[in-house]
Amino acid sequence: GENVEQHPSTLSVQEGDSAVIKCTYSDSASNYFPWYKQELGKGPQLIIDIRSNVGEKKDQRIAVTLNKTAKHFSLHITETQPEDSAVYFCAATKESGANSKLTFGKGITLSVRP
Amino acid sequence: DAGVTQSPTHLIKTRGQHVTLRCSPISGHKSVSWYQQVLGQGPQFIFQYYEKEERGRGNFPDRFSARQFPNYSSELNVNALLLGDSALYLCASSDTGTRGEQYFGPGTRLTVT
């Protein structure tokens, strides 16, 4: 089955700096890669996703890049703000199957220092 | 529009008891998935249902079961509770069940004592 690994486990940046979170996956059949943000006491919130037919996707301060050959994808947050502080999860799945179960990484705690 | 709703918010049970957790998907969504999130870990897939049929099952014991109703809401049942079942149980909603976008509810925090 799919295995998703996430590095590093914690990341601290100064407000205004950029943050990059990296994930690797094992199943070359996976073709959908979402990123979730989870704040304390809340469920995960889908913030951006990418499919394997594109290499990069951007939404305001957030971008995701995908390298299918190396089987890794990354979340880029520019101009970080204190409200970006949260736990971020990457996930992977194979769409077009009987189901679309997501396999998650262990999460990274991002702290943005004011 | 309302997002995914789950009830109850918190629950405390004793070992050996059973529990039923409930989920209502986003209006128009026909698929519901259940995930277990242990503290400090990512969510782990338990079940997916689409149009009232089970479409996938994760690596969980038979003590875990679920069903989906005609209105697409869903229940997760756990029998013979163990201390290790203490976790946040998340419900995710998607439109067809085969596309990847899943939208999570706030979860039910289950504590087993």
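In what follows, chains are A, B, ... by sequence order, proteins preceding strands, each numbered from 1.
A distance of 7.5 Å separates OG1 of A:Thr93 from CD of B:Gln102, quoted to the nearest 0.5 Å. Interatomic distance, CD of A:Gln45 versus OH of B:Tyr103, reported as 10.5 Å (0.5 Å rounding). If you take OG on B:Ser94 and CG on A:Leu46, they are separated by 11.5 Å, rounding to the nearest 0.5 Å. Atoms NZ and CD, on A:Lys106 and B:Gln41 in that order, are 5.0 Å from each other to the nearest 0.5 Å.
Heavy atoms of A:Phe33 lying under 4.5 Å from chain B are absent altogether. Looking at B:Glu101, the atoms closer than 4.5 Å to chain A (heavy atoms on both sides) sit in the backbone and in the side chain alike. The contact between B:Tyr35 and chain A is made entirely by side chain atoms (from C-beta outward), counting heavy-atom distances below 4.5 Å.
When all heavy atoms are compared, the tightest approach of B:Leu90 to A:Gly43 is CD2-CA, 4.1 Å. Residue B:Gly42 comes nearest to A:Phe89 through the heavy atom pair CA-CE2, 3.3 Å, listed as atom of the first residue, atom of the second, then distance.
Residues of residues 48-66 of chain A lying under 4.5 angstrom from chain B, judged on non-hydrogen atoms, are A:Asp49, A:Arg51 in numerical order.
Chain B forms more heavy-atom pairs under 4.5 Å with one residue of A:Gly107, A:Pro44, A:Gly41 than with any other, namely A:Pro44.
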Taking it one step at a time, do B:Phe45 and A:Phe104 satisfy ring pair (Phe, Tyr, Trp, His ring centres under 6.0 Å)? CA-CA 9 Å; B:Phe45 175 76; A:Phe104 283 84; over 10 Å; no

